[in-house]
Amino acid sequence: MMTCIDLERPAVLQASPREGRTLEDVLSGAWEDLIAHRTATCPICDGAMEPRYGSGPSAVGGRCGECRTELL
């Protein structure tokens with residue numbers, strides 16, 4: 001025996017409005033602070049993320065002093 005079920009599909013999916021900052025906003029803001037030689041807010045724990053330097057004078061990333069997250 002086979003049973004068929006007729007499922008209704010919504011005609012239009014309602015997207016909820018975006019609230020708050022996007023992931024791109026958070027990461028871009030952290031990078032902007034780091035390359036400007038400023039302490040950034042860690043995107044994971046909101047701790048202090050300090051710039052990290054390579055062999056030159058420019059910041060090449062950052063590391064959080066709290067959770068040790070790195071942006072490279």
Side-chain angles (χ1 to χ4, degrees):
M1 179 179 211
M2 187 180 282
T3 305
C4 290
I5 300 174
D6 186 20
L7 299 176
E8 289 186 33
R9 193 171 221 185
V12 176
L13 296 176
Q14 298 293 326
S16 56
R18 186 181 305 179
E19 295 181 19
R21 298 173 64 194
T22 65
L23 179 60
E24 181 179 359
D25 295 337
V26 172
L27 294 177
S28 295
W31 271 111
E32 288 171 7
D33 286 338
L34 294 171
I35 62 174
H37 310 284
R38 295 188 301 254
T39 300
T41 300
C42 176
I44 304 299
C45 74
D46 291 330
M49 181 171 275
E50 297 293 330
R52 295 194 62 192
Y53 298 91
S55 59
S58 299
V60 295
R63 177 181 286 158
C64 177
E66 300 291 321
C67 70
R68 311 305 285 172
T69 294
E70 293 184 320
L71 289 180
L72 302 172

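In this chain, numbering begins with 1 at the start of the sequence shown. Predicted model, so just to flag it, every value in this text is computed and none were measured.
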Side-chain atoms of residues 62-72: list all donor-acceptor pairs with protein atoms under 3.5 Å, sequence neighbours left out, distances to 0.1 Å.
residue	atom	partner	partner atom	Å
Arg63	NE	Glu70	OE2	3.0
Arg63	NH2	Glu70	OE2	2.4
Glu70	OE2	Arg52	NH1	2.5

Let me have the donor-acceptor pairs involving side chains of residues 38-51, under 3.5 Å, with sequence neighbours excluded, atom names and distances please.
residue	atom	partner	partner atom	Å
Arg38	NE	Asp33	OD1	3.3
Arg38	NH2	Asp33	OD1	2.9
Thr39	OG1	Glu50	OE1	3.3
Thr39	OG1	Glu50	OE2	3.1

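Take Glu24 and apply the side-chain contact (heavy atoms from CB on, under 4.5 Å) test, not counting sequence neighbours, and it matches Thr22, Ser28.
Applying the ring-ring contact (aromatic ring centres under 6.0 Å, His included) rule to pairs touching residues 18-52 yields His37-Tyr53, sequence neighbours excluded.
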